[in-house]
Every structure is written in structure tokens, then in C-alpha cells.
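Worksheet for the structure shown next.
Naming convention: chains lettered A, B, ... in sequence-line order (proteins, then strands); numbering from 1 in each chain.
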Amino acid sequence: MGAYLLRRLLQALGLLLLVSVIGFTILHLAPGGPLSQFAAGGTMTQADLDRIAHQLGLDRPLPVQYLDWLWRMLLGDWGRSYRDQQPVLAVIGSHLGATLELMLTSTLIAMLLGSWIGVLGAIRRYSLFDTLATVGAMVALSIPTFWFGLVVIYIFSVELEWLPSGNRYTVGDGSLLNQLHHLIAPSLVLALVSTALWSRYMRASMLDVINQDFIRTARSKGLPERRILFHHTIRNALLPMITVAGLQLPTLLSGALVTETVFTWPGMGRLFLDSIGYRDYPVVMGLLMFTAVLVLLGSLLADLLYGVADPRLRLE
Amino acid sequence: MSRNHSPISAAHAPSSGFSRRSLLALSGAGLLAGRTARAQGAAPPPPAAPRGQVVVGLSQEPTVFNPLMASIEVDQGVWWNLFNPLWGVDPEGNLTPQLAREVPSVENGGVSEDGLAWKIVLRDDVVWHDGTPFTAEDVKYTLELINTPGFRARTRQGHELVREITVTGPHEITWRMEKAYAPYLSLLAWTFIVPQHILAKADDPNTAPFNNAPVGTGPFRWGERVPGDHLTLVANEKYFGTGPYLERVVFKYIPDLTALYTQFRTGQIDHTSIQGILANYYAEAKKIRGVRISVNASPQVEAIAPNLAHPALGDKAVRQALYAAINKQAIIDIIYYGLPKPTESFFPKESWAYNPDLPKQSYDPAQANKILDEAGWKRGGRGIREKNGVPLEFAVSTTAGNPLREQVQQVLMQDWQGIGAAMKINNMPAAVIWGEFYTQSKFQSVLVSSTYMTGNDPDCSIRFASWATPAKGGSGSNYYQYANSELDRLLATGVTSFNREARKDAYREVQQIIRDDLVLLPIYQPAPVEGIKEGLIGYQPNVNVSSNCWNIGSWYWAS
């Protein structure tokens with residue numbers, strides 16, 4: 001187990017290095033730069049722009065800039081944002097809470113609701129419920145989130161005035177009730193798509209298990225249907241879902257670009273979008289590395305959990 | 001600082017980050033001004049103590065709070081409430097004293113006859129938000145910091161000419177200018193003074209804690225900032241000027257213009273600042289109950305800027321023909337709902353230097369064809385004209401994702417096709433187009449909204465002087481590569497004289513030359529639309545500053 005972990009961690013380091021090289025190169029080779037936003041208005045002279053580029057070290061050759069970044073990173077210095085001069089980790093930290101709140105809520109909704117729909121659909125295959133769930137899932141997967149978000153805002157905020165049209169809370173009113181009120185619309189919109197996904201995974205996984213020999217054996221032993229369902233079928237059907245959940249971890253923390261923008265949610269997705277738009281290199285690189293670490297951790301965690309849940313897969 | 005609305009404007013597209021920046025500034029002289037003035041005539045008096053809060057919705061996030069560093073308009077809107085310059089600019093363009101007792105001039109002896117020796121007397125009743133008295137040392141420190149080699153100052157324009165800064169009393173300061181430079185008065189009107197007693201102690205002023213917990217002299221103090229979401233300022237009860245009448249000001253960042261407009265409609269925000277409402281929502285917005293919709297003037301001008309090194313666009317006859325073939329009124333009426341005003345100059349109509357006597361463009365394709373025929377541009381195959389093997393073909397670039405601008409491009413393409421000119425569209429995201437593509441003159445032509453002034457001073461040397469083209473090693477922003485020695489001479493005269501009448505003549509002639517040579521094909525002066533809740537008193541659009549949040553210190557709710 002220890003040796004396995006060590007091997008995985010070493011692999012992860014190599015992968016991270018690769019990700020950083022590729023990310024850095026693509027980011028810097030894309031035309032434009034962090035100072036473009038100042039050029040268009042014409043109130044800063046070219047001398048000013050050149051001076052600031054020099055002060056930020058943007059006029060050095062790319063490999064030098066990369067090595068400088070890498071060296072600082074190894075020393076634990078993630079750099080500072082070009083936009084507000086804050087340390088990158090502080091910038092990421094200040095957006096993490098909002099994303100976590102939104103993503104945890106929507107994932108929880110999606111997991112519970114999706115699993116339930118999936119299980120029910122599988123045991124009553126081709127029933128009216130299953131047909132409706134299948135069609136519903138297809139529709140949910142095909143609706144663009146930004147459009148659905150706008151429709152929800154239009155109906156529930158503009159017309160009915162039941163829900164706020166965005167934001168995490170009313171400024172000046174940080175009460176729990178106020179926060180929950182703001183959470184409803186974006187988390188349901190986000191949950192829509194993942195519920196559909198979860199229900200499809202769960203249904204497929206259930207169908208796999210239901211047709212296995214050991215279920216038939218359980219039935220022939222005369223076990224009650226309830227016991228077969230909960231102790232035999234679902235337990236085994238949940239196994240592959242561990243992988244799905246593990247891969248969900250990075251999504252939990254990296255946020256939802258579109259939903260966060262439509263609902264003015266100050267999370268990681270928006271931070272990423274803004275940072276790319278402004279070419280805030282240190283923050284974009286920070287987010288990239290942060291997400292890469294999460295992906296690697298998530299898949300490692302899923303593999304480890306697999307071993308815990310299924311003794312046949314225990315790792316040596 | 002750019003008030004560049006357009007280069008970047010309007011995109012809903014989340015992919016273009018700062019592209020939503022935009023227009024701002026507006027004017028007292030705008031449509032609304034009359035209405036505002038009347039409304040205020042009947043306005044109730046301000047409250048005795050600060051009361052209530054205002055939520056200002058912004059489509060870009062203010063992130064820079066050291067007022068000397070590189071910034072965009074939304075940052076500057078925050079600065080006006082936290083800090084003070086020595087003097088500011090009112091909607092009519094007059095400099096009004098803030099930290100200084102009076103605005104120095106040759107008449108009052110503050111500036112010497114030759115424009116070189118400056119003497120400023122400061123107010124003695126100003127304290128920083130932390131209670132420390134404000135003195136001449138703070139002014140000296142501010143001007144020196146801007147010129148400190150490692151400091152990432154926004155601009156050193158003007159400041160680099162300052163020598164021998166001397167504190168001659170606790171509230172008196174003098175300096176000498178390397179050469180006479182009249183626009184420095186305007187530049188100082190948006191140079192905010194920072195506290196020496198805090199910043200001088202920082203290891204590195206670029207990353208000082210001050211930059212995220214600023215201490216100023218303005219009507220509001222720093223409250224809190226939730227990055228990516230909002231910023232709260234609270235009333236400074238010790239403010240030396242008028243107000244503040246509000247307990248809190250919240251600057252709320254709403255990156256999507258549709259979401260911004262929706263939240264204004266649903267009442268979650270009280271004021272949409274800087275490009276708050278797109279022209280296509282204007283008609284609907286007017287019907288919202290309980291709000292005022294203000295159509296303002298912008299200091300910018302939207303124009304097609306040709307690269308004069310382009311083989312076809314470098315020919316003046318081509319530019320004349322293209323200009324005559326633009327259906328300006330159609331663009332303004334159909335695409336922009338009749339809001340902007342057509343213009344021939346690159347200065348806003350509100351400027352004292354604006355030249356109202358420039359020849360009016362009229363849409364005349366026949367005349368355009370005639371100009372091209374006479375200049376030897378013959379129609380070839382495909383109906384495209386050419387001369388000496390050079391086809392009349394070029395691209396117009398602008399920020400991708402701005403639907404209104406894209407429609408303008410389509411109208412231009414059609415109009416110009418009719419006179420045998422082939423136009424292509426080559427749009428890019430904001431961070432790309434306004435990078436080297438623009439600054440190193442790699443474009444063929446751009447559709448851009450820009451301000452051409454220095455602060456509110458008409459000095460436009462860096463935009464048109466022959467020494468200001470970066471692609472030729474210059475240090476300005478003459479990206480069109482225009483060179484004209486007569487214009488250089490006029491610009492140099494305008495900069496050194498402190499006599500407004502003499503300067504007016506020089507700048508009128510400058511506008512005449514730029515119009516004759518069609519260095520820019522001006523289309524219109526944008527008319528940004530902002531919304532404000534009824535009952536909120538004191539909102540006063542100001543074309544001379546980069547944000548209409550410039551005077552929130554004087555805002556209050558009618559109870």
C-alpha cells in the first residue's frame with residue numbers, strides 16, 4: 001500500500017510538471033497580454049506600458065519566465081495577481097468558499113435525486129416512470145445551462161419575484177436564510193444536468209448488477225426483494241459510482257463557469273474566466289495547478305476507496 | 001485609465017473579460033442634465049447625519065486601490081470616494097480645489113509666467129482616515145513615488161517633468177517644471193494624493209498592505225472587500241468637504257450585462273454605472289417604474305482608425321471616399337437606437353477646445369465613386385477597385401463579442417462594396433486586439449472608441465504627433481502612424497501655453513487638420529445609458545472624469 005502510494009505520488013509530480021510546462025506555454029503564446037486592457041483607451045503612453053511590462057518581468061524570454069515561476073513555486077511562492085497584487089493562494093482562497101457552497105449543494109441534490117431515479121428506473125425497467133426519466137434526462141442534458149439559468153431568472157425573479165436574480169447574499173444581510181434563498185436557483189439549475197447524468201450512470205450500473213448470477217442465487221434462496229435490492233444490488237451497483245464521485249472532486253472546487261456568471265456567483269469559475277480575460281498569468285497558472293492537483297487527488301482517492309469498498313480490488 | 005469603452009465594450013461574451021469595459025463618463029451637458037437640474041431644484045435637503053446605503057452595479061470588478069497604479073475606469077470610480085486630488089473637475093470642465101486652497105494659475109501667481117515654477121497652498125483642515133493630519137509632505141511623497149524607478153505607476157506623463165519638489169511650510173509646496181506643460185493641471189486633477197506616513201514604511205509600495213486596505217482623505221473610508229463580489233465603503237464623518245450623506249456605498253460586481261440590467265430591474269442595485277444599460281434595452285428600461293434612465297455624454301469618440309502604412313488606406317483619396325460612403329445616420333438610428341450623436345471631431349462636444357465648424361460628412365456614394373475614379377482607382381475583376389496593382393482591400397478589426405459593433409461592420413461592408421472597396425472583418429478578443437496587434441500597428445484598421453484628451457485637457461500629442469508611433473520607436477500611442485510637421489508644431493504650441501484662447505485656436509486647427517486628412521473616420525460620440533433609482537439625489541454625470549461615481553459623497557436618499 002505504501003509503495004503503491006509513493007509510486008502514484010511520484011507519477012503525479014511528473015504529470016504536474018508536464019501540465020505546468022504545457023499550460024505556461026499555451027497561456028503565454030496566446031496573443032495579447034495583461035497590459036492590453038490599458039492600451040485601447042489611449043490615456044497611458046507606450047512608454048508607460050513598456051515600463052510596467054519591464055517591471056513585471058514580461059519582457060524576459062519565455063523560458064526564463066517559466067523557470068523563474070517554477071523556482072518560486074517550488075519554494076512555495078505562487079506569485080501575486082496582476083489585477084489586485086494579492087498572493088495567488090489568497091485570491092484562490094477567497095473564491096473557494098462560494099464555489100464549495102454551490103457545488104456541494106448541487107452535487108448533493110444530484111447524487112440523491114439521480115441515484116433514486118436511476119435505481120427506480122432500473123428495477124422498473126420500461127415502466128412509464130423509466131420512460132419519463134429517460135426522456136427527462138435527455139432533455140436536461142441537451143438544455144444549455146446558461147439558457148436555462150436565464151429562463152429561471154426570468155420566471156422566478158423577474159415575473160414572479162420569488163427568488164433573487166443572482167448573488168450569494170444581499171450585501172448587508174448575511175443571515176443563513178438570506179443565503180439559502182440565494183442558493184436555491186443556481187444550485188437547482190446546476191443540479192439539473194448532473195442529476196440527469198447520475199441517474200443514467202446509476203441506472204446502467206444497476207442493470208449490470210441485476211442480471212448477475214449472484215442476484216439470481218439470492219432470489220432462489222428465497223430472500224425478500226427488499227433485502228436483495230438494498231444488500232445485494234445497490235451495494236454492488238454503487239461501486240462504479242465511486243469513480244464518478246472521485247472525478248467529481250475537481251469539479252466541486254473548480255466551479256461552474258457558466259452558472260456562476262449567469263447568477264453573479266463569486267466563485268472559482270468566474271475567477272478563472274476573469275483571470276483569462278485579463279491575462280492575469282499568475283492566477284491562471286495557480287488555478288491550473290490547483291485544479292490539476294485536485295484531479296490527481298480525486299482519482300487517487302477513488303482508487304483507494306475502491307479498495308476499501310471492494311476487497312477484491314485491494315491494492316498492493 | 002482608459003475610458004475605452006469601446007474597444008472593448010459591451011460584450012456579453014464571458015470570454016472577453018475586460019471587454020465589457022466601457023463607457024463611462026458622462027456629462028452634465030448631456031440630455032439629462034436639464035432634467036437632473038430641475039429635479040434637484042425641488043429636492044429635499046440632505047440628512048443631518050449619514051443615512052442608508054447605495055448599491056452601485058459595475059460590469060467590471062474594481063481591483064486596484066492604490067490610486068497611482070495602472071487601473072481601469074471602475075477602479076477610478078472607487079478612488080474618487082476614498083481619495084482626493086489637489087483639485088478636481090466639475091461637469092462644466094472647471095477645475096475646483098480639493099486638497100489645494102486654490103487652483104494655481106498664472107493670474108494668481110501659482111504658476112510663473114513661463115510655466116516653470118509652481119506653488120501650491122494646501123488646506124490645513126484635512127485628516128487622513130486614520131486621524132493623521134494631511135500635510136505637504138504627503139504631496140511631495142506622492143509625486144516622488146510616481147517617479148520612483150521600481151514603482152508600477154499608472155503614468156508618468158507630466159510627472160516626469162517635475163523637479164526640485166520643496167516643502168516650504170506644513171501646507172505649502174513648490175516645484176519646478178523641466179519645461180512648460182499646460183496639461184499638467186488636468187493630469188493633477190486625477191492624481192490622487194496618498195499618505196506618506198503609511199506607504200513610506202512599506203517594503204515595496206507595489207504590494208503594500210495599503211493597496212488592499214487604502215487610507216485616504218475622501219468622503220468614504222475603506223470597509224471590506226469580498227473579491228469577485230463586492231466592495232463596501234463607509235462614511236468618513238471627518239470629511240472636510242460636502243457630505244457624506246450615505247452610511248455605506250457598495251460597489252457590486254456583476255460581470256454579465258444582462259444580469260446587471262436584470263438586477264437593476266428587480267431592484268437589487270440602485271445605480272448601474274459605466275455602460276450599465278445597453279442601447280438595445282433603452283426603450284424597455286424607460287418603462288421600469290421607480291427609476292430614472294440617464295442618457296449621458298461620453299468623452300470618447302467612436303471612429304474607424306486606419307493604419308496609414310496600409311497601401312490602400314494610406315491614400316487620402318481612399319479615406320475620403322470611404323468616409324463619404326458611410327451611412328452614419330443609419331448606423332446611429334438603426335443599430336444604436338438614435339442615442340449617440342454624429343461627430344466630425346475626436347474631442348467631445350463638451351470640451352472647450354471642441355471645433356464646431358468642421359465640414360459635415362454626408363452620405364454620398366456617387367461622390368465617393370467620383371473621388372476614387374479621379375484618383376485612379378479603377379474597377380477590376382470582381383468589382384474591386386485597384387491602382388498600380390494595389391487592390392482596394394482591407395480588414396476592419398474590433399473586439400469580438402460585441403453584437404452592436406458587429407452590425408456596424410456589416411453595414412460598412414455593404415456600403416463600401418458599392419464603391420468597389422472590399423472590406424473584411426477580423427475581430428479578436430480584447431486581450432488580443434489591444435495588445436501588440438494594436439500597439440505595434442499590425443492592424444489594417446480598427447473600429448475603436450477612445451478618448452483623445454489628456455485628462456480633460458485637449459492635449460492630444462501622444463495620439464497624433466509624429467514622434468509618438470511605437471512601431472517607429474516612438475513612445476506615444478499614435479498607432480495609425482500619422483506624421484505631419486505642421487501638426488507637430490501646433491501640438492507643441494498648445495502644450496506650452498497657459499493661455500486658453502491661444503490654445504483654443506491651436507486645437508481648433510489641430511481638429512481641422514485631422515479632419516481634412518481623415519486620420520480617423522469619426523462616426524459618433526457614444527451616449528452611455530445609466531440607470532438610477534428615483535429618490536436618490538445628487539447623481540450628476542460628469543463628462544470630464546472617468547466615472548459618474550465621482551461625487552457619491554454628495555448623494556443621499558430623499559426620505
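Here the straight-line distance linking atom CD of A/Q46 with atom OG of B/S477 works out to 7.5 Å at 0.5 Å rounding. To the nearest 0.5 Å, atom CD1 of residue B/I254 and atom OG of residue A/S165 are 7.5 Å apart. Between the CZ atom in B/R152 and the OH atom in A/Y82 there is a gap of 8.5 Å [rounded to 0.5 Å]. Atom CD in A/Q85 sits 7.5 Å away from atom CG in B/N66 (nearest 0.5 Å). With values rounded to the nearest 0.5 angstrom, B/T439 atom OG1 is found 8.0 Å from A/D50 atom CG. Of the inter-residue distances, the one linking A/R168 atom CZ with B/D229 atom CG reads 8.0 Å to the nearest 0.5 angstrom.
For chain A, no part of B/D75 is nearby; none of its heavy atoms comes within less than 4.5 Å. Of the atoms belonging to B/P149, it is backbone heavy atoms, and not side-chain ones, that fall under 4.5 Å from chain A. Looking at A/R80, only its side chain comes within 4.5 Å of chain B, counting heavy atoms on both sides. Both the backbone and the side chain of A/V158 have a heavy atom closer than 4.5 Å to some heavy atom of chain B. Contacts between B/M69 and chain A at a heavy-atom distance below 4.5 Å involve the side chain alone, from C-beta outward. With a 4.5 Å cut-off on non-hydrogen atoms, B/E61 touches chain A through its backbone and its side chain both. Looking at B/R265, the atoms closer than 4.5 Å to chain A (heavy atoms on both sides) all sit in the side chain, from C-beta outward. Both the backbone and the side chain of A/P164 have a heavy atom closer than 4.5 Å to some heavy atom of chain B. In this structure, no portion of B/V55 lies under 4.5 Å from any heavy atom of chain A. For B/Q268, the part sitting under 4.5 Å from any heavy atom of chain A is the side chain, from C-beta outward, and nothing else. Both the backbone and the side chain of B/A153 come within less than 4.5 Å of a heavy atom in chain A.
The number of heavy-atom neighbours closer than 6.0 Å to CG of A/L75, taken from other residues, nucleotides and ligands shown, is above 12. No more than 12 heavy atoms of other residues, nucleotides or ligands lie within 6.0 Å of CZ in A/R72, so this atom counts as exposed by the packing criterion. Counting non-hydrogen atoms of other residues, nucleotides and ligands closer than 6.0 Å to CG of A/D59 gives a total above 12. For B/F437, the CZ atom counts as densely surrounded, since its 6.0 Å shell holds more than 12 non-hydrogen atoms of other residues, nucleotides or ligands.
A/N167 and B/Q263 form a side-chain donor-acceptor contact under 3.5 Å, judged by distance and modelled atom types alone.
With chain A as the partner, the residue from B/Q157, B/M428, B/Q53, B/R248 showing the most heavy-atom pairs under 4.5 Å is B/Q157. Note: B/G228 leads B/G228, B/A208, B/G435 in heavy-atom pairs under 4.5 Å with chain A.
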Can you check side-chain contact (heavy atoms from CB on, under 4.5 Å) on A/D274 and B/Y253, steps first, answer last?
CA-CA 12 Å; A/D274 284 354; B/Y253 169 46; 2.6 Å; yes
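Put simply, the residue from B/T207, B/T63, B/N212 that forms a side-chain contact (heavy atoms from CB on, under 4.5 Å) with A/Q86 is B/N212.
Put simply, the side chain of B/V432 reaches to within 4.5 Å of the side chain of A/R279, judged on heavy atoms. When side chains are defined from C-beta on, B/R154 does not count as touching A/D48, because their heavy atoms never get closer than 4.5 Å. Between A/E161 and B/T266, every side-chain heavy-atom pair lies at or beyond the 4.5 Å cut-off. The shortest distance between side-chain heavy atoms of B/T262 and A/I153 falls below 4.5 Å.
The shortest heavy-atom contact between A/Q55 and B/F151 is NE2-O, 2.9 Å. Shown here for A/P266 and B/P227, the closest heavy-atom pair between the two residues is CB-O, 4.2 Å. Nearest heavy atom pair, residue B/A430 against residue A/S36, reads O-CB, 4.1 Å.
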